[in-house]
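Notes to accompany the following structure.
Residue numbering restarts at 1 for every chain, and letters A, B, ... go by the order of the sequence lines.
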Amino acid sequence: MLELSFIQENKEKVLKGLETRCYPAETSQIIDQILELNEQRKSLQSFLDVKRGEINTLSGQIGGLFKSGKQEEANALKEEVGKVKEEIGGKEGQLTDTENQLTQLLYKIPNVPNEVVVKGKSDEDNEIHIPYDGPLPELGDDAKPHWELAKQYNLFDLELGVKITGAGFPLYRGKGAKLERALINYFLDEADKRGYEEIVPPLLVNEASGIGTGSLPDKEGQMYYMEKDDLYLIPTAEVPLTNIYRGDIINEADLPIKLTGYTPCFRREAGSYGAHVRGLNRVHQFNKVEIVRFEKPENSYAALEEMLQHVTDLLTALGLPFRVLRLCGGDLTFASALTYDFEVYSAAQKRWLEVSSVSNFETFQSNRMKTRYKDSDKKKQLVHTLNGSALALARIVACIIENNQTSAGIKIPEVLQAYTKFEMID
RNA sequence: GGAGGAGUGGCAGAGCUGGUUUAAUGCACUAGUCUUGAAAACUAGCGUGCGGCAACGUACCGGGGGUUCGAAUCCCUCCUCCUCCGCCA
């Protein structure tokens with residue numbers, strides 16, 4: 001969430017941010033409510049501070065009087081305390097109510113987009129940041145989409161997933177399973193080379209962790225929830241990895257912190273059935289290698305560039321045609337200030353598929369998590385958090401098998417052959 | 001799952017028969033003195049949030065609630081950890 005002090009001092013920027021995101025005009029009223037509630041909060045607290053101070057002083061005196069046996073004087077002071085308590089009345093409850101309301105309203109305000117982000121409603125307004133500079137691959141008319149290739153070569157089985165679980169839970173088998181494992185290992189190794197510490201996190205998280213990254217409150221109903229245990233299945237490794245440092249004050253010398261982790265990701269994708277979701281294009285469970293960074297504010301955009309380069313290198317090595325989009329305001333996630341999406345071209349489906357999303361959240365997540373560091377002046381500052389997929393597997397697999405299909409079989413990209421131990425799927 | 005014990009500031013660890021505890025003390029850390037330099041010693045500082053220009057005030061001793069003039073200390077409840085037993089990959 002945004003810092004109160006930031007909203008106070010930069011109200012115009014916050015309003016402009018809402019406009020960039022094409023939020024309904026009414027949302028701006030929330031800003032005024034927040035500022036007003038904050039004033040109420042301050043005056044309530046100042047009042048209570050004074051009154052509590054009076055009670056503390058009186059109580060101390062009562063203790064002294066009891067020790068020296070002056071019962072009557074002590075009792076007189078007790079009455080004094082009673083009067084102060086009457087003055088306090090219901091103000092303590094008011095203060096907690098005000099604070100809770102304030103928090104709830106702050107949860108409704110999304111991050112302020114970086115100034116380069118253009119106003120826009122949906123993915124149609126996204127800007128092309130780096131276009132694909134080659135000719136789009138042509139496969140010929142007999143090219144098959146990945147769900148047909150999967151059947152032909154027995155790579156994954158959606159019907160079996162339906163039998164075991166339900167729609168959107170693919171089961172990989174044979175060379176399809178090995179390709180999956182090869183990609184995970186390749187991506188983890190590449191992250192390792194770039195200095196990311198590998199983590200194997202829990203796949204279920206508590207409410208506090210969900211709030212920390214901005215995944216909760218979950219208005220979209222994206223997360224699977226275990227009511228009996230009050231836990232959520234992770235929609236991405238971002239949630240457990242980022243929350244490692246929730247509530248911590250990090251040593252300046254330890255920054256930047258770079259983490260990576262492979263996890264399955266679970267997404268309900270409520271109400272998303274229909275065209276363009278066949279095969280692996282959109283599933284409830286998929287594998288992903290995530291990279292997460294904690295950075296000093298002045299370094300975070302350089303870090304974002306590094307992450308872009310990282311993903312670029314992966315896609316280049318895999319030989320997949322890709323482009324990079326800069327998301328418009330309306331397509332940005334709630335917590336993000338700037339997001340780049342990588343899209344890979346599926347030659348068989350003749351369309352672009354999103355395979356990676358790289359974002360800078362600035363202090364939006366760290367303010368929720370209270371993740372700070374002490375700078376050289378010993379002042380505590382919120383860190384900037386960033387994350388990106390490097391990479392999400394399901395669609396990468398779809399593109400690899402579609403784009404590399406030949407009459408003799410599917411060619412495995414060279415960089416993966418050391419991992420798969422085979423060169424062709426045939 | 002059963003029985004018992006415990007959760008205090010970065011760490012260790014007092015306080016826990018309610019009132020100079022505004023949480024002792026030690027270690028670690030930071031700055032200074034001393035030193036050719038370092039170590040040692042000495043001096044000072046050293047948790048977090050909120051309000052305030054500041055002095056300072058206030059809240060926080062696992063979370064929440066209660067009793068009381070006053071709660072780290074008493075009561076209720078939840079969570080977590082440890083020990084023993086049982087079960088199990």
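- Ring centroids of Phe266(A) and Phe286(A) are separated by 6.0 Å or more, keeping the two rings apart.
- Contact check on Arg282(A) versus Glu354(A) returns no salt bridge, with no Lys/Arg side-chain nitrogen under 4.0 Å from an Asp/Glu carboxylate oxygen.
- Proximity of Lys85(A) to the phosphate of G70(B): a side-chain N or O atom is located under 4.0 Å from OP1 or OP2.
- In terms of position along RNA chain B, the nucleotide closest to Leu48(A) lies nearer the 5' end than the nucleotide closest to the other residue of the pair Leu48(A) and Ile55(A).
- Geometric assessment of Lys91(A) against the ring of Phe47(A) yields a positive cation-pi assignment under the 6.0 Å and 45° thresholds.
- The neighbour count for Glu305(A) CD, taken as heavy atoms of other residues, nucleotides or ligands under 6.0 Å away, is above 12.
- Side-chain nitrogen and oxygen atoms of Arg372(A) include at least one within less than 4.0 Å of the OP1 or OP2 phosphate oxygen of G49(B).
- For the pair Arg52(A) CZ and A71(B) C1', the computed distance is 15 Å after rounding to whole Å.
- Within residues 32-44 of chain A, the residues that place at least one heavy atom under 4.0 Å from RNA chain B are, in residue-number order, Arg41(A), Lys42(A).
- Ring geometry for Phe334(A) against Phe364(A) counts as perpendicular: the plane angle is over 60°, on a 0 to 90° scale with 30° as the lower cut.
- Taking atom CD on Gln381(A) and atom P on G49(B), their separation rounds to 13 Å, with Å as the unit.
- The nucleotide C16(B) finds no pairing partner, because no Watson-Crick or G-U wobble arrangement with both distances shorter than 3.5 Å includes it.
- Rounded to whole Å, the P atom of A6(B) lies 48 Å from the corresponding atom of A38(B).
- C46(B) and G51(B) are spaced 23 Å apart, taking the C1' atom of each and rounding to whole Å.
- Between A44(B) and A54(B), the two P atoms lie 26 Å apart (nearest whole Å).
- Going from atom CG of Leu95(A) over to atom C1' of C50(B) covers 9 Å, rounded to whole Å.
- The nucleotide A59(B) finds its pairing partner in U48(B), both defining distances of the Watson-Crick or G-U wobble pair being shorter than 3.5 Å.
- Closest contact between the side chain of Gln45(A) and the listed nucleotides C50(B), G51(B), U48(B) involves C50(B).
- More than 12 heavy atoms of other residues, nucleotides or ligands lie within 6.0 Å of CD in Gln8(A), so this atom counts as buried by the packing criterion.
- Here the separation of C16(B) from C74(B), taken at their P atoms, is 10 Å to the nearest Å.
- Using bins of under 30°, 30° to 60° and over 60° for the plane-to-plane angle, the ring pair Phe294(A)/Tyr245(A) lands in the perpendicular bin.
- Heavy atoms from other residues, nucleotides or ligands lying under 6.0 Å from CD of Glu414(A) number 12 at most.
- Among the atoms of the strands shown, none is found under 4.0 Å from any heavy atom of Gly60(A).
- Lys374(A) has no carboxylate O lying under 4.0 Å from a charged side-chain N of Glu252(A), or vice versa, which leaves the two without a salt bridge.
- Note: CG (Asn206(A)) to C1' (G63(B)) measures 13 Å, nearest angstrom.
- Of the candidates U48(B), G70(B), G19(B), the closest approach to any side-chain atom of Ile249(A) belongs to U48(B).
- Nucleotide A54(B) forms no Watson-Crick or G-U wobble pair with any nucleotide shown, as no partner meets the under 3.5 Å limit on both distances.
- Rounding to whole angstrom units, CD1 of residue Ile88(A) and P of U68(B) are separated by 15 Å.
- C29(B) sits 48 Å from U68(B) when the P atoms are compared, rounded to a whole Å.
- Annotation: C75(B) and G86(B) have their C1' atoms spaced 33 Å apart (nearest Å).
- Under 4.0 Å is where a charged nitrogen must lie from a carboxylate oxygen, and between Asp32(A) and Lys11(A) at least one such pair does.
- Put simply, Asn56(A) has a side-chain N or O that comes within less than 4.0 Å of OP1 or OP2 on U58(B).
- Searching all strands for a Watson-Crick or G-U wobble partner of A3(B) with both distances below 3.5 Å returns U83(B).
- Among the heavy atoms of the strands, none lies under 4.0 Å from Leu77(A).
- A31(B) is paired with U43(B) under the Watson-Crick or G-U wobble criterion, all donor-acceptor distances under 3.5 Å.
- Note: CD (Glu99(A)) to P (C60(B)) measures 13 Å, nearest angstrom.
- A23(B) and A72(B): their C1' atoms are spaced 8 Å apart (whole Å).
- If you take CD of Glu92(A) and C1' of U58(B), they are 12 Å apart, rounded to a whole angstrom.
- Under 4.0 angstrom from either OP1 or OP2 of G49(B) there lies at least one side-chain N or O belonging to Lys380(A).
- Comparing the P positions of U20(B) and C78(B) gives an interatomic distance of 32 Å, to the nearest angstrom.
- Comparing atom distances between the Lys374(A) side chain and each of U48(B), G51(B), U58(B) picks out U48(B) as nearest.
- Regarding Asp49(A), its CG atom lies at a distance of 8 Å from the P atom of U58(B), rounded to whole Å.
- Across every strand in view, G70(B) sits unpaired, with no contact that passes the Watson-Crick or G-U test at under 3.5 angstrom.
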